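Contents: one structure, followed by commentary.
Computation of the quantities below employed the complete heavy-atom set of this structure, encompassing side-chain atoms and omitting hydrogens, waters and symmetry-equivalent molecules. Fair warning: this is a prediction, and the values are worked out from it, not measured in the lab. Every chain is numbered from 1 and lettered A, B, ... according to where its sequence line falls, protein lines coming before strand lines.
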Amino acid sequence: MTIDKNFEPASIEKKWYDHWENNNAFRPERPDAQPYTIVNPPPNVTGSLHIGHALDNTLQDIMIRYERLRGKDALWVVGTDHAGIATQMVVERQMEAAGDKRSNYNREEFIDKVWEWKEESGGTITRQLRRLGCSMDWSREQFTMDPHFTKAVTKVFVDLYNKKNADGRGMIYRDKRLVNWDPKLKTAISDLEVETREINGNFWRFKYPLAADENGDTVTFDGPDGAGQNYIEVATTRPETMLADMAVAVHPDDTRYADVVGKYVELPITGRRVPIVADEHADPELGSGAVKITPGHDFNDFDVGKRIGIEAKDMLNMFDGDGNVCQTSDSLIPKEYVGLHRFKLEKENGTKIQARELVVRALKELGLLIPHISKNKKGEEVVSDAEPRIIQTPYGDRGGVVIEPWLTDQWYVDAQTLAKPAIDAVKNGDIEIVPKTWEKTYFNWMENIQPWCVSRQLWWGHRVPAWYGPTKIGEFDFTEHLKSQGYRENQLPVFVATTFKEARIKAAEVYGLEESDIFQAPEMEGQFVSQGTARIPLWHDEDVLDTWFSSALWPFATLGWPEDTTVRAESVEVRAGKSNDPSTSSGRTASLLHKHYPNDLLISGFDILFFWDARMAMQGIEFMGEGGKKPIEESRPWKTLYLHGLVRAADGQKMSKSKGNVVDPLGLIDEYGADALRFFMAAMESQGRDIKMDDERVKGYRNFATKLWNAARFAQSNGIGASQSLSAPTATLAANRWIIGEIQETLTALDKALADLRFDAAANTIYHFTWDLFCDWYLELIKPIIQGEDNDDTSETRQVAGWVLDQILVMLHPFMPFITEELWHAMASSEGRKSARNYDIILAKWPVPKAKIDNDAKAEIDWIIAFTSAMRSAKNELGIAPGAKLDCIFPDALQARVGTLQSTLERVARIASSSFGDAPDGASMQLVVDGQTIIVPLEGVIDIEAEKARLTKAYEAVSKEAKSLEGRLSNENFVARAKPEAVEKAKSDLAEKSAEAERLKIALERLG
RNA sequence: GGGCGUAUAGCUCAGCGGUAGAGCACUACAUUGACAUUGUAGGGGUCGCAAGUUCAAUCCUUGCUACGCCCA
């Protein structure tokens, strides 16, 4: 197959991808091979490929292809995430666009709609990953809502519920406490899903009148505003929440308020009588030093409330799920407030009055608003209701509205207990985080981890495996019976189990009834009426689990857990790469899970370190370690966690749809080819830095691919074909011996770079070798040989060149899979030769360094390069045409070397003739190469002054270096204290530079 | 407020205790020869600022400044 004149990526990419996939090349049967495993961060099932995926997946594919070439059983697990909130939002938005809405459907109907949408758009991103060339194991494609995955999720939930932590509490428990409530999505979200934004807000100051004492007598105190003060001043950024205030707090050490602690205020508007308490939360420096306490709608106030003895269940709640005012349990909120929205939301232009406005207006009318007085530019006093302030405000990262702290019952994971071994794993080096700087961030978060709220009030996701039973139903009251079973008054019995059947067994025990007396109810309690017998309805928890709760199980649930728990003796050996057991070579008898867990490497963006990576570490160690029974070497999800940065727009901005600066990786693939985009990602990926998008650079790597294409085309047209052997052919010619040595060095550097996960260094290494050494020097050096008459040299050179080109293709394959596969096959079937290989490069063998570096050859070729460069440079500076062929007079010492290189030097350095001996008189150009002077007579042609200037410049540069070295060596301290190697190096450098300077000086003198 | 990162050529970035490199851009020259998606040569940097450690600092330490990110 002759290589086409033009390299067109689009014409080869699809061909080879389909070929690989159809031939099972991504996961060939290698039962005896050492495993290598990466799990792919599952993209949202309905998502599409963005530039960050391109980076993330390129890096993973490089490692997978590399390890596959190295002969390992490389498994790259792929799949998609159901992405609860994101997917449900997409479907709801589509419904809205069609004039429909979720509430028009029941739960099952809606979920069916989501599945329909998943079927419709679920293939997008997986098709796009294929276009990037990712060699994942599609035969085992996973989805986080696959039945086996649901089993894993359920088991994890149930097991954690049943497992007690050090305090005797379940590792998963239900609790009533404040959660981050998203009033738009109407669900609780975790701390991580809340982002703090700075917004322009206000700081209001109010007077709260002191309440009369038990005797009805007026209370006053000597406060900050003077003697006999009958109110206490509070300040707030959220005045509307005063409708649910339950206390006013002052700092215990704040003497200004010492007298009033223990007294009461009578809240305006509601008339609620609430205590003034001492609590360290109050900051004496902030506002008046007194702070209103709303335990039901502020996280700090919740803690204060608990400290002063208010139980969560007694805390007042004044908002419904939409963030509208609702009546508190003490019914003290005036009617006109009920139903109002809490405050004006951005993008909401309603003219209806909001609770916040109405509260401020009411307090102002009551004369309880303390106005803010400021000065304008002219120095005049301006009176306003409140002081403008920048306020840190929590927003939901998905819904985009202000989070309302809300008191609800939710399921929590005891993350603190789970975090401990995961922290130790990193501390002890059992999990290595690369780059290391992220370890601190990891520790900082893990050591301060809060209970993880995992329940979501959504429909799309894994249903919480919990069922509730009644405390009474009709005339049947189980309250006393349940108390005897250890339940608190009014506490609904909850049965956590993997199935309803199991829940029913537990319920039967608790209620003391037969299983048949218990039935699954579709609705909540209260909808049921007595049927004359004590038949007990159990209803399923309505909530689903946080998406990240399930994706945390990705490294093992995708490999068959919990079903596949068999540990076979051979699997351990297989993992160590030592197995010779024939039973394993006849098929994959070793358990997939035990062969591929722990994974070797996880590559993810640092932005999901907490969301995903840390949680995988926690769940992996817990469940694969079987609760501490197994050593960390077996329980950790991966040995190495590599975190890469963000891909930013060219101007350094974060890419976002709203900014309109999103770069589509598929557009780049269309324009420059997948190989070029991949190479760009690798070359730019240095550890610990974001990548700025640069189309020009992608273009540059497309050019690199073209360069390689043309080099192969040149090779092919000169009778160079595929290599006939894995090891380097025998070589006698210097150029061949040299390039074989350079391959070894390149390979060593490349292996090291990949071992260190230095993708940039790896890419640059192979780039440099291919372009600068192979194309620019080697091919030029061998042209006279392969284009001359056929002889032993010609055939040796063709052998070596073919072998070197193959090494390039294999080493480049992980980075540029498509072009390398194309050229691999094209080279194998050069005209007139039989194909030497009937296999694909994707399954080729990675080169193993074997040949020794030939120092003589290296010295010789380095000299040619130095001489040729000096010649070209001198010509350029003297205005001599680059193509001009010149005569050279070499010193006698070079006779042997130049003699054998005659034809090469003629061609490469453009020498007309060479002779040896002393310099003749007359004008000449003089080259100092490697301490020897070469004379190029140019009588009548040369501009003496230009040559003088050139030599002078060179002389000065070398002298300066020599002088600096001399200075250092004459420093006694240096000679005495510096490392001996440094002194030796300085000495030899000085000798070299001095010699060179001396030569140049002589050359200058010769010119007169 | 706490933590982390970054600052090196016009741009994007490597790097290193012994006075600096790449790609792109720029300048000059070349052009039927694998390749203009090219070749050759060249210009360009007091390595953010200040102090300290050291025989020696762009590199290590400290402080400062600027920018970015994370957490509260």
Side-chain angles (χ1 to χ4, degrees), chain A residues 3 5-9 191-192 194-196 299-300 392 394 435 437-445 448 450 606-607 609-610 645-646 648 650-654 672-673 676 679-680 683-718 720 758 760-761 763-765 767-768 771-772 775-776 779-780 783 786-787 868-884 907 910 960-961 964-965 967-979 981-983 985-986 989:
Chain A
I3 301 171
K5 176 141 176 44
N6 293 314
F7 165 51
E8 280 164 27
D191 296 345
L192 281 178
V194 176
E195 54 182 59
T196 308
F299 286 98
N300 286 315
Q392 310 282 328
T437 48
W438 285 105
E439 285 185 359
K440 264 192 186 165
T441 309
Y442 174 86
F443 292 139
N444 190 39
W445 187 70
N448 296 293
Q450 297 299 309
F606 66 75
D607 51 327
L609 172 61
F610 304 147
L646 251 50
R648 296 176 171 276
D651 60 1
Q653 293 232 34
K654 214 167 166 174
Y672 304 111
F679 206 88
F680 166 81
M684 298 305 288
E685 177 55 24
S686 58
Q687 291 175 0
R689 202 190 256 264
D690 287 346
I691 293 177
K692 277 188 203 166
M693 202 52 229
D694 181 358
D695 285 20
E696 283 304 303
R697 192 121 183 194
V698 182
K699 188 175 159 190
Y701 292 123
R702 189 273 318 266
N703 294 354
F704 171 63
T706 308
K707 184 79 183 175
L708 175 68
W709 184 269
N710 283 307
R713 204 156 64 86
F714 168 79
Q716 189 179 57
S717 66
N718 281 282
I720 294 165
R758 285 306 305 252
D760 56 342
N764 290 333
T765 299
Y767 179 97
H768 169 251
W771 201 315
D772 302 338
C775 292
D776 287 352
L779 289 182
E780 294 305 322
K783 271 179 187 174
I786 56 173
Q787 294 178 341
T868 307
S869 301
M871 177 70 100
R872 288 169 179 169
S873 174
K875 277 178 170 175
N876 214 300
E877 285 181 50
L878 295 180
I880 298 166
R907 180 107 178 215
R910 306 203 71 80
K960 194 182 157 201
E961 285 184 60
S964 153
L965 288 164
R968 198 186 303 161
L969 283 163
S970 63
N971 179 347
E972 284 173 28
N973 280 326
F974 173 70
V975 180
R977 303 193 193 188
K979 280 180 290 186
E981 309 93 85
V983 179
K985 173 112 186 357
D989 284 357

Could you tell me the Watson-Crick or G-U partner of [N], where both distances fall under 3.5 Å? Say none if there is no partner.
N: B/rC55; value: B/rG18
N: B/rG1; value: B/rC71
N: B/rG48; value: B/rC64
N: B/rG10; value: B/rC24
N: B/rG39; value: B/rC29

Quote, to the nearest angstrom, the [atom1] distance that separates [N] from [M].
N: B/rG18; M: B/rC59; atom1: P; answer: 11 Å
N: B/rA57; M: B/rA51; atom1: P; answer: 13 Å
N: B/rU62; M: B/rC69; atom1: P; answer: 25 Å
N: B/rG23; M: B/rC4; atom1: P; answer: 36 Å
N: B/rU61; M: B/rU53; atom1: P; answer: 15 Å
N: B/rG17; M: B/rG52; atom1: C1'; answer: 15 Å
N: B/rG5; M: B/rG43; atom1: C1'; answer: 34 Å
N: B/rU38; M: B/rG45; atom1: P; answer: 27 Å

How close or far is atom [atom2] of [N] from atom [atom1] of [X], stated in whole angstroms?
X: A/E972; N: B/rA56; atom1: CD; atom2: C1'; answer: 16 Å
X: A/L779; N: B/rC35; atom1: CG; atom2: C1'; answer: 11 Å
X: A/D690; N: B/rC4; atom1: CG; atom2: C1'; answer: 13 Å
X: A/D772; N: B/rA22; atom1: CG; atom2: P; answer: 10 Å
X: A/R758; N: B/rA14; atom1: CZ; atom2: P; answer: 8 Å
X: A/N973; N: B/rU53; atom1: CG; atom2: P; answer: 14 Å
X: A/F443; N: B/rC4; atom1: CZ; atom2: P; answer: 13 Å
X: A/I880; N: B/rA30; atom1: CD1; atom2: C1'; answer: 15 Å

Answer yes or no: does a side-chain N or O of [X] lie under 4.0 Å from OP1 or OP2 of [N]?
X: A/N718; N: B/rA34; value: no
X: A/K960; N: B/rU19; value: no
X: A/R872; N: B/rC29; value: no
X: A/R689; N: B/rA7; value: yes
X: A/W771; N: B/rG39; value: yes

What's the closest nucleotide to the side chain of [X] if the choices are [options]?
X: A/N971; options: B/rC55, B/rC24, B/rA14; value: B/rC55
X: A/P882; options: B/rA30, B/rC55, B/rU38; value: B/rA30
X: A/M684; options: B/rU12, B/rG15, B/rA34; value: B/rU12
X: A/Q392; options: B/rG18, B/rA72, B/rC70; value: B/rA72
X: A/S686; options: B/rA41, B/rA34, B/rA14; value: B/rA14
X: A/T706; options: B/rA34, B/rG18, B/rU37; value: B/rU37
X: A/N876; options: B/rC71, B/rG15, B/rU40; value: B/rU40
X: A/Y767; options: B/rC70, B/rG5, B/rG23; value: B/rG23
X: A/D760; options: B/rG5, B/rA14, B/rA34; value: B/rA14
X: A/N710; options: B/rU12, B/rG39, B/rC35; value: B/rC35

Please work out if [X] contacts a base, only the sugar-phosphate, or nothing of the nucleic acid, heavy-atom cut-off 4.0 Å.
X: A/K783; result: base
X: A/D776; result: sugar-phosphate
X: A/R713; result: sugar-phosphate
X: A/N444; result: nothing
X: A/S873; result: sugar-phosphate
X: A/Q787; result: sugar-phosphate
X: A/K692; result: sugar-phosphate
X: A/K979; result: base
X: A/R910; result: nothing

Tell me, do A/Q687 and A/D760 make a side-chain contact under 4.5 Å, heavy atoms counted? no
Position toward the 5' end of RNA chain B (nearest nucleotide), A/A683 or A/N6: A/A683
Between A/C775 and A/S964, just flag the one whose closest nucleotide in RNA chain B comes earlier from the 5' side. A/S964
A/K707 to A/Y767 six-membered ring, cation-pi geometry met (6.0 Å, 45°): no
Indicate yes or no: does A/K692 engage A/D690 in a salt bridge with an N to O separation below 4.0 Å. no
For the residue pair A/F610 and A/W445, does the interplanar ring angle fall in the parallel (under 30°), tilted (30 to 60°) or perpendicular (over 60°) class? parallel
Aromatic rings A/F679 and A/Y701: how do their planes relate, parallel, tilted or perpendicular, breaks at 30° and 60°? tilted
Assess the side chains of A/N971 and A/R968: does a donor N or O sit below 3.5 Å from an acceptor N or O? no
Distance col, row A/I880:CD1 vs A/R872:CZ, nearest 0.5 angstrom, shows 15.0 Å
Under-3.5 Å donor-acceptor pair between A/K440 side chain and B/rC4 base: no
Over all atoms of both residues, closest heavy-atom pair of [X] and [Y]:
X: A/C775; Y: A/A711; answer: SG-CB, 3.8 Å
X: A/I3; Y: A/R713; answer: O-CD, 3.6 Å
X: A/F7; Y: A/T706; answer: CD2-OG1, 3.8 Å

